[in-house]
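Just so you know, these numbers come straight off a predicted model, no measurement behind them.
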Amino acid sequence: MAGTASQPVRDGAKAARAVWSRDFALFFTARAVARLGDTMLPVALAAGLLQHGYGAGAVGLAMASTAAAFAGLVVFGGVLADHFSTRRLMIGADLVRLGTQALAAVLFFSGHVVLWQICAIGFANGVASAVFQPGVASTVPRLAADIQGANGAIRVAESAAQLAGPAVAGLLVGFASPGGVFAAHATTYAVSAGCLLLLRLPPLPPGSRAASGHGTRAFRADLVQGWREFLARRWLWSVIVVWCVYMIAVWGPTVPLVATEVVREHGPRAYGLVNSALGAGTVVGGLLALRLRPLRMLRAGAIALVGFAAFPASVGAGLGVPAMAAGAAVAGAGMSFWGVMWATSVQTQVPPDVLNRIHAYDVAGSLAMMPVGQALAGPAAAALGAGHVLLGAGAISFFVCASLLLIPAVRGLVRVEPAAAGSRGTPAATAPSRARKC
């Protein structure tokens, strides 16, 4: 009886050791704090630009400038991450973003806010993010044996930041100014850079091949090899193709239109509350991803993603703040669970020597169409009405999830257990009785 009772304790301690270490804790802190600042940014942009006489189109363009730079250059960032130290690249990118957000704070504090300047700052921020992001995918497997557990823990931390960030931003906007939010955002990048500076990354697993060399020819060869590795995995590029539609028709217009509609109708504090509910939902989704170990991860994630439709639909229908917050919470849970399933699939199915480049192609393809959706949000809202555009985004969410489930390579992909990580891409012999099927 005592042995049976102590087994969950021993299993929990073993699982914790498979994730937590000094270096993972530093990386965890860096990601959580940076995410806290990132979740404050939409509130600052929406409230700040609206205060200076701009509308939904301007907010969409400001967001699109960052997304366009990021999506257009992240592939090159992936090759750089295979040539140079990922830790140093991430530190440098954080320092650049510290500077860009500090400059934005100065502009908003001074009252000299010109749209092209805000877009230029956003573009520079996107370039730095493109250099930073590829190293994230390869860092997690180097710091934790339980890759899904590590992704789940990071997702929970980022979700907690999503919960707190918009509320803090709403308070800063209400009692200070949008410039205060940008100053706080800059500080989060300083903290992230400090944590990464203290981080010690272990070497790549044995057998990992370094980038092919230096110079333009080697850079081009590594870029081409990454593309070939990307195309060789049907489940990977199929998801990206579907995701392009999702970015144009769902996520792209949802972010700026929800921000402008809620701020205009209910004020920045209400938007902070709705966005915090989104964060609360993502905490729940992250916790579920820590607990559930589906055999077919992408199928389970696609089913959970159906819940995102509740977010744009509730705002588009003109429901009250409590209903919009509930819709945001459901959306956050679905998106968060999908995110952990997807990240873990990529990190366990792809060899470590090409993971940075594959992740870069993944991110670029996933986000390539987001600036298009954001830039079209304003014109679409002017022509059809913001409510109709958001209701359409909710309906298309169902189409996206159905499309993912109709692709055999996606719904049938079998998980790779951490013990099999040495042979990426070969599914582990996981007994169905030990895996939760979804």
Side-chain angles (χ1 to χ4, degrees), residues 38-39 41-43 45-47 49-50 55-68 70-71 159 162 165-166 242-266 268 270-282 285 304-319 321 323-336 338-339 366-401 403:
D38 291 342
T39 59
L41 185 59
V43 180
L45 277 176
L49 290 175
L50 288 173
V59 176
L61 285 174
M63 293 181 177
S65 64
T66 300
F70 178 76
S159 301
Q162 180 81 36
V242 174
W243 216 248
C244 287
V245 177
Y246 188 83
M247 287 293 108
I248 293 176
V250 182
W251 186 259
T254 292
V255 175
L257 291 183
V258 165
T260 53
E261 285 300 295
V262 176
V263 170
R264 181 180 289 123
E265 296 296 326
H266 304 281
Y271 178 66
L273 176 63
V274 170
N275 235 11
S276 293
L278 182 69
T282 55
L305 190 61
V306 171
F308 187 81
F311 187 30
S314 61
V315 178
L319 303 181
V321 173
M324 290 189 292
V330 173
M335 178 65 79
S336 179
W338 161 263
S366 298
L367 300 181
M369 295 296 106
M370 184 169 71
V372 177
Q374 289 177 331
L376 292 176
L384 303 174
H388 289 99
V389 175
L390 289 171
L391 287 173
I396 294 171
S397 292
F398 290 101
F399 167 77
V400 167
C401 297
S403 298

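- Among residues at least two apart or in separate chains, salt bridge (Lys or Arg N to Asp or Glu O under 4.0 Å) pairs with a member in residues 252-263 are Glu261-Arg264.
- For the side-chain contact (heavy atoms from CB on, under 4.5 Å) test, residues two or more places apart in sequence or in another chain that qualify with Ala328 are Val274, Ala277, Leu278, Phe311.
- The two atoms that bring Ala270 and Val262 nearest to each other are C-CG1, 3.9 Å, heavy atoms only.
- Here the closest heavy-atom approach between residue Pro253 and residue Ala377 is recorded as CA-CB, 3.9 Å.
- Looking at every heavy atom in both residues, Val330 comes nearest to Gly307 through CG1-O, 3.6 Å.
- Atom CD1 of Ile396 is separated from atom CD1 of Ile248 by 10.0 Å, given to the nearest 0.5 angstrom.
- With contacts defined as side-chain heavy-atom distances shorter than 4.5 Å, the pair Pro42/Tyr271 qualifies.
- Listed by chain and residue number, Leu45, Gln101, Phe182, His185 satisfy the side-chain contact (heavy atoms from CB on, under 4.5 Å) test with Leu41 (two or more places apart in sequence, or in another chain).
- Evaluation of the side-chain contact (heavy atoms from CB on, under 4.5 Å) rule for Ala326 yields no partner, not counting sequence neighbours.
- A pairwise comparison of heavy atoms in Ser397 and Val250 identifies OG-CG1, 3.4 Å as the closest pair.
- The salt bridge (Lys or Arg N to Asp or Glu O under 4.0 Å) analysis of residues 385-396, with sequence neighbours excluded, yields no pairs.
- Across all non-hydrogen atoms, the minimal contact from Ser314 to Met324 is OG-CA, 3.6 Å.
- Between the Ser336 side chain and the Ala333 main chain, no donor and acceptor come within less than 3.5 Å of each other.
- The shortest heavy-atom contact between Leu49 and Ala62 is CD1-CB, 4.0 Å.
- The side-chain hydrogen bond (donor to acceptor under 3.5 Å, both in side chains) pairs that include a residue from residues 242-254 number zero, where partners must be two or more places apart or lie in different chains.
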